[in-house]
Amino acid sequence: MALQQQIKSRNTAQLLSFGIFGILILLYAPILLHWLDGWLHKTISIEHEYFSHGIIGLPFAAYLAWTNRKQWQRLANITHPVGLGLLIIGVIFYLSGVTEWVNLSLPIILSGLCLWFKGIPGLKLQGFPLILVFLATPTALPYLITPYSFPLQSFIAGTAAFILNQSGMTVVVDGINLYIGGRIVEVAPYCAGLKMLFTTLYVSLMLLYWTDALSSRRITFGFLSLAVVISVTANIIRNTLLAFFHGTGQDGAFSWLHEGWGGDLYSGCMLLLLIPLLNWMNSYFSEESAIKSDEEVGEV
């Protein structure tokens, strides 16, 4: 009798899970498809393009949540009251019709479901997938920080002018404008590399998690710091090339690197550099730890 009740409750829980999953698909499939289409074909707003790393991040988050399913099932069914509050907020956001709120309702509802069914342990188990979903959710953050990117724009313009002048070209820099061969090249706010920086940090977090390096503060901090340096350096080189192409009248090359698939290829090659960098850091710090352990054993 007890076995039958256990099987019945398990089947009921599975049906409930499938039902909730189906409702989420019906609610958010159109939104996710809109994001995907906008990211792939660049038909979405410029601010939302900053979150195009969701193309790889959202599937990875779904994969992690799926791999955690057995651990999820073994967790005790604990209802946390905050979960209900998040679910209510998420529903209100979804029904509001405000684009930013509707987008944010996805991570809010997912977090609320974790707390409602499995409490804090469930939220911790699915914590990293939820972070990936939240960081890939288009918001107004790029629009809010763009006005403060002027110092970065000026730095990029000055550095690009210095490089081009050293190569024999005559370049005059005025704030964020470069004057080359009678043409003006502006390092606009959306050319300051913030999108590349967002993507770099996002991919870096994925790599740190995949290699189990997030538990090491030294590796995490060092890797993220170097990733920022690589991203800024790569963007300076890219803007220098764009200024060179535009100033010398190579409009085809300019469009290819600025708006075409050349920019995506350039960013992809830059991101690939993160893999050997992280492998080297993991190897270096593991060897350093092994040497310290040997020294401690020798002292004993």
Side-chain angles (χ1 to χ4, degrees), residues 2-36 38 47-48 50-51 53-144 198 201-202 205-206 209 214-215:
L3 180 62
Q4 290 179 348
Q5 291 179 348
Q6 184 177 3
I7 294 174
K8 184 178 180 180
S9 61
R10 181 179 300 178
N11 291 336
T12 302
Q14 290 179 348
L15 289 174
L16 180 61
S17 300
F18 285 129
I20 293 175
F21 183 70
I23 293 173
L24 289 176
I25 289 179
L26 290 175
L27 291 177
Y28 289 101
I31 297 174
L32 293 175
L33 290 175
H34 171 67
W35 293 353
L36 179 61
E47 288 79 14
H48 284 194
Y50 276 59
F51 300 90
H53 46 254
I55 294 175
I56 58 175
L58 293 178
F60 186 61
Y63 167 77
L64 293 179
W66 174 256
T67 56
N68 291 335
R69 67 189 185 282
K70 292 184 179 180
Q71 292 177 264
W72 174 270
Q73 293 172 355
R74 287 195 292 265
L75 291 176
N77 295 326
I78 304 174
T79 299
H80 197 285
V82 176
L84 178 59
L86 289 177
L87 289 174
I88 294 174
I89 293 174
V91 171
I92 293 174
F93 274 26
Y94 186 89
L95 296 176
S96 68
V98 180
T99 302
E100 307 296 334
W101 289 16
V102 173
N103 293 344
L104 284 172
S105 69
L106 175 58
I108 292 175
I109 287 179
L110 291 176
S111 300
L113 289 173
C114 290
L115 287 171
W116 180 256
F117 286 106
K118 299 294 181 178
I120 298 297
L123 184 66
K124 289 182 177 179
L125 177 63
Q126 304 293 359
F128 192 75
L130 288 172
I131 290 174
L132 292 180
V133 173
F134 174 73
L135 294 179
T137 301
T139 63
L141 179 62
Y143 176 79
L144 296 175
F198 282 8
L201 292 174
Y202 191 86
L205 285 175
M206 292 173 58
Y209 182 86
L214 273 175
S215 57

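Computed from a predicted model, the values in this text were never measured in an experiment. Just so you know, residue 1 is the first one in the sequence shown, and it goes up from there.
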Are N103 and I31 close enough that some pair of their side-chain heavy atoms sits under 4.5 Å apart?
yes
Taking side chain to side chain contact (heavy atoms under 4.5 Å, CB included) as the test, write out the residues that go with R69, two or more places apart.
W66
How many angstroms lie between atom CG of L106 and atom CG of L27, to the nearest 0.5 angstrom?
10.0 Å
If you look at every heavy atom in F51 and A136, which pair is closest and at what distance?
CB-O, 3.8 Å
Supply the atom-to-atom distance L104 CG to T137 OG1, rounded to the nearest 0.5 angstrom.
6.5 Å
With a 3.5 Å cut-off and sequence neighbours excluded, list the donor-acceptor pairs that the side chains of residues 120-134 form with protein atoms.
none

Provide the full list of ring pair (Phe, Tyr, Trp, His ring centres under 6.0 Å) pairs with a residue in residues 82-118, sequence neighbours left out, each pair given once.
Y28-Y94, F93-W101
Can you name the residues that form a side chain to side chain contact (heavy atoms under 4.5 Å, CB included) with L95, not counting sequence neighbours?
V91
Rounded to the nearest 0.5 Å, what separation is found between the CD1 atom of I20 and the CD1 atom of I109?
11.0 Å
Any non-hydrogen side-chain atom of L110 less than 4.5 Å from a side-chain atom of L24?
yes
Determine whether a donor-acceptor pair (N or O, by modelled atom type, separation under 3.5 Å) exists between the side chain of H53 and the backbone of L201.
no
If the condition is side-chain hydrogen bond (donor to acceptor under 3.5 Å, both in side chains), which residues does Y202 pass it with, not counting sequence neighbours?
none
Rounded to the nearest 0.5 Å, how far apart are CZ of R74 and CD of Q71?
6.0 Å
L58 side chain reached by W35 side chain, heavy atoms, under 4.5 Å
yes
How many angstroms lie between atom CD1 of I108 and atom CG of L113, to the nearest 0.5 angstrom?
12.0 Å
Which atom pairs, one a donor and one an acceptor, fall under 3.5 Å between side chains of residues 83-90 and the rest of the protein, sequence neighbours left out?
none

Distance, nearest 0.5 Å, that separates NZ of K118 from CD1 of I78
8.5 Å
